[in-house]
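Below is one structure, written out as structure tokens; comments come after it.
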Amino acid sequence: MSESHTAGNAASKAVTMVVEEGVAVMTLDLPGESINKFSPAVIEELTVLIDLIDHDVTINAAVLISGKPGNFIAGADIDQFLAWRTAADASAASAFGHAMMHRIEKGRVPVVAAIDGACLGGGLEFALACAYRIAADSPKTVLGLPEVQLGLIPGAGGTQRLPRRVGLQAALDMILTGRNVRAKKALQSGLIDELVHPAILRATAVKRARELAAGTIPRQRDNRHHGAKELLLDDNPIGRAVVFRQARETTAKKSKGHYPALFAALDAVAAGYSAGSEEQGFAAEARLFGEMAMTPVCRELTFLFYATTALKKDSGVGADIKPRPVPRIAVLGAGFMGAGIAAISAMQGVPVRFKDTEPARVAKGTAAVRDIIRDRYTKRQITRQQFDDQVGLVSGTVEYTGFGRVPLVIEAVFEDLTVKQEVLRATEAKLDPTAIFATNTSTIPIATIAAAATRPERVIGMHFFSPVHKMPLLEVIVTPRSAPDAVATVVEYGRRIGKTVIIVNDSPGFYVNRILAPYVNEAGMLLDEGVAIDAIDKAMSAFGFPVGPINLIDEVGLDIAGKSGAIMAAAFGDRMRPSDALQKVLAAGRLGRKGKQGFYTYDEGGKREGVDESVYQLYAGGSRRTEVPKEEIQRRLSLAMVNEAARCLEEGIVRSARDGDVGAVFGIGFPPFRGGPFRHVDATGAAEVVRQLEQLDAKYPGRFTPAPLLKEMARTGRTFYPREGKPV
Ligand code: NAD
């Protein structure tokens with residue numbers, strides 16, 4: 001006999017319930033959404049059902065399962081964050097979540113979480129409050145508390161219940177990294193109780209619910225599967241103190257003072273052990289959650305989440321233009337970039353024709369592809385079978401055989417216009433007329449390459465960053481002639497191979513390298529003025545960049561940096577005139593890391609050691625270095641980049657501030673907690689940015705002339721983003 005209930009009004013129902021011989025099975029299935037999220041409305045609905053269950057003595061156990069295959073609960077609906085005005089608002093939301101989780105944990109009947117797919121944030125916190133967690137054995141099943149990635153801490157009990165479940169060390173690792181744990185690992189750590197084939201998930205969950213009701217499975221169990229050593233540490237205050245101290249030290253190094261949520265998370269977990277009562281631990285979590293929700297870091301990381309989510313739905317052309325199917329591709333040039341592109345394509349199951357000029361080069365490129373894919377196998381992200389299948393998708397060639405059937409060719413041959421145009425002509429002759437030729441040039445205008453084409457409307461830029469399999473950004477470069485369906489196809493393909501894609505208009509340096517140029521140049525100018533290499537690099541990593549600009553030049557290679565600097569100077573004149581410092585080091589034959597000699601010294605294996613003081617002998621002041629305050633270095637370099645970004649927007653190189661911010665953060669590592677150059681202007685105020693630029697321009701004429709767009713915004717008080725509500 002089964003009976004059906006729904007909570008709330010029928011139109012908004014997210015949870016349905018049927019009772020099967022004493023077990024209430026609640027199915028969460030948010031209408032009109034591809035994933036399940038917790039919102040105040042959903043929590044309300046669940047609370048009503050829990051009430052109903054509590055009061056119905058014919059029910060003696062419950063199961064919560066998702067109606068969406070491959071997705072349990074992806075976390076909180078972050079739209080609700082926008083309504084919070086004060087820390088108290090956010091703390092209240094956390095306390096509201098606590099109350100529901102408490103009802104699940106302490107209610108009259110035991111509740112089983114039946115997890116198939118993503119179980120993240122509030123989803124995992126819900127599961128932790130349940131009496132039993134059973135998961136579907138599927139690659140889609142991942143569990144995690146990603147809140148710190150939004151500048152927050154878990155707010156629905158995660159900082160209190162997770163350590164009790166998996167032990168302090170494992171809990172801190174999950175909470176402080178925000179990393180997902182796969183199903184098998186979750187079983188090993190005791191995070192879940194059982195793993196079953198997806199087909200029997202529901203039935204087994206109902207069975208376990210009955211066993212819990214009958215007491216065959218005790219509702220209170222010590223589920224800590226981890227080793228005795230960790231248990232010992234957890235139960236011993238001195239041992240715990242050691243774990244906390246180490247975690248604080250690592251976090252201090254990692255956060256460089258920029259990510260307060262990491263410390264708040266540590267404090268919340270610690271409160272769970274030191275508080276006099278359970279309630280006090282939860283209260284500490286709610287208070288710290290509220291405080292973090294009001295930080296600028298949380299605001300900017302949330303913005304980036306919205307921005308990247310919006311980009312995933314943006315094809316760059318009208319919604320009526322459909323991307324063409326890309327069942328296979330060809331990659332021209334089996335060098336460093338070509339191998340990366342071929343590898344990430346094969347990883348998505350796309351067969352690749354991989355062409356170079358000589359068999360030996362093809363073989364070298366294919367070996368590089370294998371190495372990239374092997375890395376995933378070594379890290380157990382794929383099985384041996386998947387490794388073999390993916391490697392098998394890449395077939396090498398020195399001819400154009402098979403090109404007639406590929407709808408997309410990605411070219412990554414030498415950075416030389418003549419070579420690129422020759423390759424384009426030869427390839428076009430073999431291609432279907434609708435096929436797209438995408439070039440990965442880093443400096444040559446796409447229109448210049450396309451001038452050699454018989455079908456220039458099918459020539460486009462796909463600017464990948466190195467190393468291709470690690471860097472998240474792809475710039476798709478379009479010319480006025482690019483066919484809309486070609487744009488849509490390339491954007492869609494970029495996303496399919498895991499990239500965050502921004503669309504950029506054809507222009508020297510495109511977007512990312514263009515805003516990088518004045519920033520790197522300004523670092524060179526500081527060297528010219530006699531500032532020490534590490535003073536510059538340290539200032540910018542303290543600002544939040546992953547590496548300093550001089551270190552970056554060494555990584556990219558001085559020859560490449562020099563070449564691209566010359567191109568930018570030719571295109572934009574004085575404001576990008578290269579510094580003498582770089583020229584002198586390059587002229588001395590130093591190439592950076594790849595030559596094991598640059599601004600830094602490197603060991604035999606290419607590992608960076610320290611500043612190469614002998615570089616200073618190439619400069620006027622020798623090793624006598626001038627001191628410039630850190631704040632001034634940061635201001636000069638960051639504003640050079642911000643000002644150039646504003647010019648790119650006003651010239652239409654990027655379509656929106658959103659694209660410009662995402663490009664800077666994902667392409668260069670502009671500090672994510674600052675949101676990007678345009679967010680930085682909004683946070684500082686355009687008037688203040690213009691004032692600082694004018695001050696610098698008076699001192700260094702021509703390099704800091706404020707972009708007209710910034711001046712206009714300073715005058716009118718306009719901002720790049722709305723001050724209220726959704727940022728994008
Ligand atoms: P690379 O020298 O490692 O590889 C180039 C490959 O192209 C070589 O294997 C070469 O044999 C092959 N090649 C040359 N002529 C060919 C032809 N006619 N047909 C087929 N193959 C041919 O260079 P790379 O670093 O991989 O760069 C390739 C492209 O990617 C360049 O346009 C470069 O500007 C661009 N790019 C490089 C980076 C980077 O960081 N290396 C970043 C972004 C873009």
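Since the structure is predicted, the reported quantities are computational estimates derived from the model, not experimental observations. In this chain, residues are counted from 1 in sequence order.
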Between [atom1] of [X] and [atom2] of [Y], what distance do you get to the nearest 0.5 Å?
X: Glu147; Y: Phe289; atom1: CD; atom2: CZ; result: 7.5 Å
X: Asn36; Y: Leu28; atom1: CG; atom2: CG; result: 3.5 Å
X: Ser91; Y: His98; atom1: OG; atom2: NE2; result: 9.5 Å

Is a side-chain donor or acceptor of [X] paired with a backbone partner of [Y] at a separation under 3.5 angstrom?
X: Ser66; Y: Lys68; value: yes
X: Arg108; Y: Asp56; value: yes
X: Asn71; Y: Ile35; value: no
X: Lys13; Y: Asp29; value: no
X: Glu45; Y: Val15; value: yes
X: Gln386; Y: Thr383; value: yes
X: Lys499; Y: Met471; value: yes
X: Gln80; Y: Asp77; value: yes
X: Thr141; Y: Asp137; value: no
X: Glu300; Y: Pro672; value: no

Counting neighbours of OH on Tyr273 that are heavy atoms of other residues, nucleotides or ligands and sit closer than 6.0 Å, is the number greater than 12? yes

Hey, is [X] close enough to [Y] for a salt bridge, meaning N to O under 4.0 Å?
X: Arg495; Y: Asp314; value: no
X: Glu285; Y: Arg161; value: no
X: Lys37; Y: Glu33; value: yes
X: Arg202; Y: Asp116; value: no
X: Arg219; Y: Glu211; value: no
X: Arg287; Y: Glu291; value: yes
X: Asp193; Y: Arg208; value: no

For residues Leu266 and Thr251, determine if any side-chain heavy atom of one lies less than 4.5 Å from a side-chain heavy atom of the other. yes

With sequence neighbours excluded, tell me which residues meet side chain to side chain contact (heavy atoms under 4.5 Å, CB included) with Pro260. Met292, Thr295, Val297

Smallest separation among heavy atoms of Val350 and Arg328, with atom names: CG1-CA, 3.8 Å

Under 3.5 Å, sequence neighbours excluded: what are the donor-acceptor pairs made by side chains of residues 118-128?
residue : atom : partner : partner atom : Å
Glu125  : OE1  : Ala156  : N            : 3.4
Glu125  : OE2  : Gly155  : N            : 3.3
Glu125  : OE2  : Ala156  : N            : 2.8
Glu125  : OE2  : Gly157  : N            : 3.3
Glu125  : OE2  : Gly158  : N            : 2.7

Any cation-pi pair here, Arg384 with Tyr377, using under 6.0 Å and within 45°? yes

For Asp389 and Gln385, which I'm curious about, is there any donor-acceptor pair between the side chains at under 3.5 Å? yes

